[in-house]
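Notes for the one structure printed next.
From a predicted model like this one, the values you see are computed outputs, not experimental measurements.
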Amino acid sequence: MDVDGKSSSKGEEEKKNAVVVILVGAPGSGKSTFCDHVMRVSTRPWVRVCQDTIGNGKAGTKTQCLTSAAAALKDGKSVFIDRCNLDREQRADFVKLGNPQVDMHAVVLDLPAKLCISRSVKREGHEGNLQGGRAAAVVNRMLQKKELPKLSEGFSRITFCQSESDVQGAIDTYSALGPQNTLPSGSFGQKNPDAKVQLGIMKFLKKVDSPVNAVSKGDSLKDSVTTDKENDSSSIGWEEVKRVEEVKGGEDLAFSSLESTSSFDNVPTLAFPSISTADFQFDLEKASDIIVEKVLEFVTKLGNARFVLVDLSSGSKILSLVRAKAGEKNIDSGKFLTFVGDITRLYSGGGLRCNVVANAANWRLKPGGGGVNAAIFSAAGPSLETATMERAGSLAPGKAVVVPLPSTSPLFCREGVTHVIHVLGPNMNPKRPNFLNKDYKKGCEVLREAYSALFEGFASIVKSQKAFYEEPTVKLGSVQLVSPVDFKIPRKNQFSNADQKVKREDVYESDRNKKCKVVHGEHGSQTGATNGIDNAQNEKNNGSMSKAWGAWAQSLYHIATNPEKHKNDVMEISGDIVVVNDLYPKAKRHLLVLARYEGLDRLADVRKENLQLLRTMHDVGLKWAEKYLSEDKTLIFRFGYHSAPSMRQLHLHVISQDFDSKHLKNKKHWNSFNSAFFRDSVDVMEEIDKFGRATLKDEEILSMELRCHRCRSAHPNIPRLKSHIGNCRAPFPAFLLQNGRLLFATDKDGTNQ
DNA sequence: GTTCTAGAAC
DNA sequence: GTTCTAGAAC
């Protein structure tokens, strides 16, 4: 073949997999950043066509962009169209660039207008020269004519990003898109079915807005796995699963705002290969019976957790057997899926989030061999082997070992896998060690044992991470404000009788008062320092049957009550608050903003009428954090409340994120600031405003595993964790970067608008 | 032997 | 909340 022939055939090949991604978003929505992030790490050749830069200083034109995009495509490159593309007409000409060889995608950066505006206003040297006050007006005007893209415009895939974690998710997806890979078709991530312009996701499931190249998908969409058992060839594939996920997302919307980070907003899911049926030649009929039996057992045990049986081959016999048997047993198809795909690319390959992956390991727990074991060790990188060896040196048939995946592992970063469970099944292959010589009685026993061990391992992870997945629960309560039994006699005159300790649980409303929500009208003799106390405050103080405060837990209460007696410790006093340094700081800077309201012992006592107080506390906290930031720009601050504080009197923690302190000594210390137990002030205010109370996490989450607050890597004990966090410079999880949960030093002395 | 955790007392 | 310490884990 001559040179020309060669190059043109190569060109053909590349062109076949080219993709045009039309970014849709207002100025400040992060389009250029998106491209930069993807292009920095992608192995696929990308060209960014940016209308702001294409004119070489002058304003660029749409035509220039079209020409440039077409040229890049001809060159076999994939293209980002980096311009606002907010309405259909603007997009139409670019969509025409698509053809059977070129996938046409849209990525919608549909972030809050406020955020786009503030970014546009702040930025300097923006390529489009859109900055300063003018930006706000422009962004506002543009957003008004926003028209979200639809598949029917000619897109084969649309990704909607409505939060920074969505954006990160999309960046990850496109970053992982190798030169030969394609992404599944469909519409992803649209959470707000405000569908003036866009079909709701439920509707989408029922009736596909047929994308240009989605012929294969046709009308074979199924609501569940089990319903398509008659169609042997179609195990659930990427697209179907994704759609199931989307629907779930829609249903869970009510809870999604609170703890949703890209890694934690999903149901705990275990992906597992069929054990022993490949290299170990276990009988498929028997194996499928056992899989279904064990899944059934654990699906009921494990509440909302999900199980996914994965096989690489679409013609997999074991998958179709299991699917058929699961159907017969009526296993909830939302809890158990069979899935055709690569177990090491479940998320990046198309969006199935599995936080735990099972490995069909060998007894040495070593990489190599073939099949799933080789694939998982290779995809996870050397850190899996190290982490595995820390846990176990070998594995007996029927046993499993849970290995928390270090954050350095690509399987962790790219796929969101937090644990690998190695499991070893029985061997029926005479060429392998521990051959059972057709003894299926023993074989079945061991295989059952293996699945039990695997699922038990998964259950233990679910338990330890429960806090991240559970929908918010109000602790202290099934207690509703309207529930009469919960009312207690409001404590009056508490401040004036500070010595007279009244234990909360000793004081209950008597039966005769249960029916009426009595307002104990007469004002007690509130004295001196007790600003802000009134009966409304006391009245709603029905925190529930919480434990009494020990004598040791009273110190903050005393300070809030009589700050003048603690002059040496108190940094600021007002009618509403007192600021003190934490006596045992858990970081370089750690202060407490105490509320000076009687009856507000803890977050559980806070109600809507305290919203203004919360805002005051937050603002005071901010002010102090800013002061410390001006002295040390490396600090990063977080503001929040403990779900169940040890010390009496509502207090806001203002704490720097170095956690560099000799006082941070145990798991409880760490997790109380670095799990969902710590309720960010901004979220608390929002919940109080919306729902009248804050969601609280149970104390049991304080004993869960230790993970780095930045990179989320797991560590076996506090000393190891501390040495890790001393060096970890990974960016914070997306969740913390949103909504001002973290306060960083500003680069410039920027003026706030 | 040393390190680390976890439960009780305060 | 901390301190102390038994005993588990390494």
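- As judged by a 4.0 angstrom heavy-atom cut-off over every strand, A:Lys668 is placed among residues making no nucleic acid contact.
- For A:Phe455 and A:Phe272, the distance between ring centers is under 6.0 angstrom.
- Note on ring orientation: taking the six-membered ring where Trp is involved, the planes of A:His642 and A:His653 are tilted (angle from 30° to 60°).
- Along DNA chain C, the stretch of nucleotides lying under 4.0 Å from any heavy atom of chain A spans, 5' to 3', C:dG1 to C:dT3.
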A:Cys708 vs A:His715, test: side chain to side chain contact (heavy atoms under 4.5 Å, CB included). Steps then yes/no. CA-CA 8 Å; A:Cys708 171; A:His715 300 270; 4.3 Å; yes
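- Residue contacts for A:Leu583: at a heavy-atom cut-off of 4.0 Å it reaches no nucleic acid atom on any strand shown.
- Among the heavy atoms of the strands, none lies under 4.0 Å from A:His651.
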Should A:Phe744 and A:Phe637 be marked as a ring-ring contact (aromatic ring centres under 6.0 Å, His included) after you check the CA-CA gap, both sets of side-chain angles, and the distance that decides it? CA-CA 7 Å; A:Phe744 295 83; A:Phe637 279 94; over 10 Å; no
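- Side-chain atoms of A:Asp601 and A:Trp549 include a donor-acceptor pair closer than 3.5 Å.
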